[in-house]
There are 2 protein chains.
Amino acid sequence: MTDFATDRRSILAGAAASAVLLTPGAALAQRGDMDAIRKAVAAGHDATVKRIQDWIKHPTIAAEGLNVDTGAEYMVGLAKDAGFQKARIVKTDGVPGVFATLDAGAKRWIGIYFMYDVKQFDSAEWSSPPLEARIVDRPEGKAIMGRGAVNQKGPEAAFLGALHAIRAAGRKLPVNIALVCEGEEEIASPHFHQVIADPEVLAAMKKCEGVIIPSASQGPNGNVTLTLGAKGAVELQLISSGEKWGRGPKKDIHSSNMARVDSPAWRLVQALDTLIAKDGHTPAVEGWFEHVQPLSARQKALIAEGARQSNEADLKRLMGVERWIGDEDFQTSLERLASQPTINIQGLVSGYTGPGGKTVLPGRAEAKIDLRLVPDMTKDEAVTKLKAHLVKAGFPDIEVNVSGGYGPTETPEESALVRAEKAVLERAGITYSLVPRSAGSWPGVVFTGPPLKLPAAQFGIGHGGGAHAPDEYFVIESSNPKVAGLDDATMAYVDFLYEMAAAK
Amino acid sequence: MTDFATDRRSILAGAAASAVLLTPGAALAQRGDMDAIRKAVAAGHDATVKRIQDWIKHPTIAAEGLNVDTGAEYMVGLAKDAGFQKARIVKTDGVPGVFATLDAGAKRWIGIYFMYDVKQFDSAEWSSPPLEARIVDRPEGKAIMGRGAVNQKGPEAAFLGALHAIRAAGRKLPVNIALVCEGEEEIASPHFHQVIADPEVLAAMKKCEGVIIPSASQGPNGNVTLTLGAKGAVELQLISSGEKWGRGPKKDIHSSNMARVDSPAWRLVQALDTLIAKDGHTPAVEGWFEHVQPLSARQKALIAEGARQSNEADLKRLMGVERWIGDEDFQTSLERLASQPTINIQGLVSGYTGPGGKTVLPGRAEAKIDLRLVPDMTKDEAVTKLKAHLVKAGFPDIEVNVSGGYGPTETPEESALVRAEKAVLERAGITYSLVPRSAGSWPGVVFTGPPLKLPAAQFGIGHGGGAHAPDEYFVIESSNPKVAGLDDATMAYVDFLYEMAAAK
């Protein structure tokens, strides 16, 4: 077993790359500053690891109503420990948010977005108890294993570690920080806009140059994915019921009655069938494409570059997919992934769902749906059009239960934020790929959309895996010299803050 | 608590009705015969109750693979105990059947059909353990409560009790009996035709005048429902999968891929939508109505009579239904119930089925379907047409997994069997309603269809409830003088056998 501890601090510090990392272009931080901060990061390593572990032991899971009250209090404590002078809970109609400010008397403000909630888990599927946050040895190096390790407590704690280190080194923070946190990211942020709408939060965010969510963006080979945007996502359930319809049964009845009683299950099938074109994938809701923007030449070029760097056959094998839609080629599939709005069936549930059959006519049928939205669609527009479509198609009784979601987000490549990210990576000698739009979603639109219209992106180096899956992990000491461990990931945030302070 | 035991033997024996019951019209049994047999029935009462209880304690549940080997052996034992000289297991591709003969040297043979399996149960829903077959006091009288009590072990044991009593009374059975039993009735008898196709079984059945399945057909008010037929039922699952289709994912993948990967769930929705007309209930499969016979004037008259005797408002309340299809009147709804073939969705299941949503694109989607068939449709015809329809509609990859079923059954009102049933009831002073066709199903077509073409019906007096539901019960001592308890139900089978022996 490798003693990864002996490698600590060596990964970037010994290389030309990290020599560069020690010299932020901003010239605000002197070499002496950086040396002192790096020492403080190393000295604080164990405390940061413990901070991640303790946080993992206090999970907030909105879908299950787990620690939805105490999670925000815990987050307030983390912020105060990291030097935020003000930190308070922001009430919403759901799980509360947290807002904190660290006013260093600097010229500029930077926004930081945290999610403090985590995804559900099934302990039986894990090789290490998901709430124990044990240190494990993996091929990638020494890692913390637990729910939330990489999504998102590890990277977020690395960011907090940067603030601890700057303070411990006796240095002044080069920017002021406004921190906004939510506890419902994993249920598609249904109330995060209420956090931002808080007058004090809104006023603080308006002063910011841009917003990042700390993220371990390095792949196993060290390459960083810089995403310039993400599709929006709306989660909803379409429900057909005898109760609401006034036809059919209110509960399951004997199936022989299909001869004389209307069927909510057939009604759901008929309503669903109006939502999608004959091709089985193109949304058929009236006006769905009204505000859809085509990909730009630059976006297409970036996708083409991404296609060249990926192995299509490996990806298909991993996904269990033999063909893309219409037997299209890889690049077209990637363009679709970035550019096409979708209406997906996540699940169907009605009546009897066990093995074989059972002679019932169900009183209720539900389709679990997600919509993926692209610029310039909005969540409200999509939901309104979907509801109008169902009414016009003759299904006004089908309930549309929107359980979460937000619109697409986009941040210009030439924004100060993205330029700072690139500068940090380039100085560190870390390669990166620009992805114009992630098919997965995050609520960046709360920042990039009106009224704030700020640049916002995921950012950070380091590596982890298993988000939304068993054995989630976050590497703290990397076995690959191209991949950052916890201390280098922390230093990258230090550099980023100095870079933003000096950004033109 | 009433001591129902004191009422035993008094219900029909003391009334004019039962005086008639003691005098079978067949004149084969003298008054002395009947008196002796009735005494033997009373003497055997406790043994018959214990026989029902012991049988309930040995459940066979085909859907769960429970006692699928020992159930047939148990059935063989019951037959031998009742005097069948030959009794053997008949192997099938599924749960085995049982065949037994009791050759009394009589002129005529009667066929008896038993199911020895029972429906699944959830013990938590019962007020008395479903396999303990406890004696409970109910408003209807003293009853055995347990899974299978009325469906069908109680009535079947009452029939066996009749054979025990005739032998105990030293009388010769007036008819020979061929007994065929299956252990898959509750999964729609997928292999019962294999039992009948056994050469020895087929030869014996060909000699029979008709077939009954013992049944507790009295309602709470004592009225008997004599059904002259039943719809056929076919259980099947329609399955759309990436595996079979060669498109879409083989397992659930991230829902963002809806932009570039085909969806088996949407495909199932599209396939389903072709099966039903815009009205949401009329089958749209080509040729579905080709062999559908309209109701006769007699059938319509019987249905009109049934409508007059029922309370529509009570029924709707009980079913949780406010409106029949198309806001039709009650009689029309009953005509539909008897005459319309249906394609019902019993259940839908795909992808994520828990609370809220989950971002997956499912690799598989299944619709659980039952078809109800009317004369002269057949199971093979329906399945063949359904499969041809799916191919022609462009969905050859949708799997049609037929898990059980059979065609409709019909027995002429003027058959010797039905005339004997009526004679027994009329002599006993028991009112009855003729129902031309039950919307529920039983595999009578195995007897009424080719090659046997025998009259076949459910028959018996007595009362029970809770079939396929919790707290299933069978009344052994009735609190209502119009409703038979176990001994009178047993005597009705005695009378029926004598009546069949003398039938013109």
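Just so it is clear, the values below take in all heavy atoms, side chains as well, and ignore hydrogens, waters and symmetry mates. Lettering follows sequence order; numbering is per chain, from 1. The structure presented is a predicted model; accordingly, all values stated were derived computationally and were not measured.
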Okay, B:T359 and chain A: the region with an atom under 4.5 Å from a heavy atom over there is both
Smallest heavy-atom separation, A:W324 atom then A:E312 atom, equals NE1-OE2, 2.8 Å
Residue A:E235 versus chain B: region with a heavy atom under 4.5 Å: side chain
Sorted by number, residues from residues 269-279 of chain A in contact with chain B (heavy atoms, under 4.5 Å): A:V269, A:Q270, A:L272, A:D273, A:L275, A:I276, A:A277, A:K278
Choice from B:G354, B:P341, B:G440, B:S333 maximising heavy atom contacts with chain A below 4.5 Å: B:S333
Within residues 346-355 of chain B or reaching into it, pairs that qualify as salt bridge (charged side-chain N to carboxylate O under 4.0 Å, His left out) - sequence neighbours excluded: none
Under a 4.5 Å heavy-atom cutoff, which of B:A63, B:A265, B:G356, B:P355 has the most pairs with chain A? B:G356
Are there more than 12 heavy atoms of other residues, nucleotides or ligands under 6.0 Å from atom NZ of A:K316? yes
Listed by chain and number, what are the salt bridge (charged side-chain N to carboxylate O under 4.0 Å, His left out) partners of A:R267, not counting sequence neighbours? A:D397
Electrostatic pair A:E322:B:K250 at N-O distance under 4.0 angstrom: yes
A:N401 versus chain B, heavy atoms under 4.5 Å apart: side chain, backbone, both or neither? neither
Under a 4.5 Å cut-off applied to non-hydrogen side-chain atoms, are A:M319 and B:V261 in contact? yes
Under 3.5 Å, is there a donor-acceptor pair between the side chain of A:K379 and the main chain of A:L373? no
If you tally heavy-atom pairs under 4.5 Å between each of A:S339, A:S438, A:G248, A:P362 and chain B, the highest tally belongs to A:P362
Quick check on the interface: out of A:L337, A:I187, A:T353, A:D370, who has the most heavy-atom pairs with chain B under 4.5 Å? A:L337
Examine whether an atom of A:H254 lies under 4.5 Å from a heavy atom of chain B, and if so say whether it belongs to the side chain, the backbone or both; otherwise answer neither. side chain
Could you go through the side chain to side chain contact (heavy atoms under 4.5 Å, CB included) check for A:V118 and A:N151 one step at a time? CA-CA 7 Å; A:V118 297; A:N151 178 208; over 6 Å; no
Can you see whether A:R372 engages A:S441 through a side-chain donor-acceptor pair at a distance of less than 3.5 angstrom? yes
Partner chain A: residue of B:N344, B:D327, B:I253, B:T342 with the largest heavy-atom pair count (under 4.5 Å): B:N344
On a heavy-atom basis, which atom in B:Q237 and which in B:S403 lie closest, and how many Å separate them? NE2-OG, 3.1 Å
Pairs in or reaching into residues 342-365 of chain B: which pass salt bridge (charged side-chain N to carboxylate O under 4.0 Å, His left out), with residues at least two apart or in two chains? B:R364-B:E366
Below 4.5 Å from any heavy atom of chain B, which atoms of A:L236 appear? Answer side chain, backbone, both or neither. neither
B:G246, B:A365, B:G242, B:G404: which one forms the most heavy-atom pairs within less than 4.5 Å of chain A? B:G246
Could you check which of A:S255, A:G326, A:A439 has the highest count of heavy-atom pairs closer than 4.5 Å to chain B? A:S255
Only pairs of heavy atoms separated by less than 4.5 Å count here; which of B:D262, B:I369, B:T282 has the most with chain A? B:D262
I'd like to know if the side chain of A:R437 reaches the main chain of A:A338, judged simply by a donor and an acceptor atom lying under 3.5 Å from each other, with no hydrogens or angles considered. yes
Between B:I343, B:V349, B:I345, which shows the greatest number of heavy-atom pairs under 4.5 Å with chain A? B:I345
Just by distance, do the side chain of A:E399 and the backbone of A:I239 share a donor-acceptor pair under 3.5 Å? no
Can you name the closest pair of heavy atoms from A:R323 and A:V321 and give their distance? O-CG1, 3.3 Å
Between chain B and each of A:G347, A:S350, A:G320, A:G351, count heavy-atom pairs under 4.5 Å; write down the option with the most. A:S350
What part of A:L318 is in contact with chain B, defined as an atom under 4.5 angstrom from a non-hydrogen atom: side chain, backbone, both or neither? backbone
For A:N257, is it the side chain, the backbone, both, or neither that has a heavy atom closer than 4.5 Å to a heavy atom of chain B? both
Between A:H468, A:H281, A:R247, which shows the greatest number of heavy-atom pairs under 4.5 Å with chain B? A:R247
Of A:M258, A:R336, A:Q340, A:Q346, the largest count of non-hydrogen pairs under 4.5 angstrom with chain B goes to A:Q346
Between A:K231 and B:S256, is any pair of side-chain heavy atoms under 4.5 Å apart? no
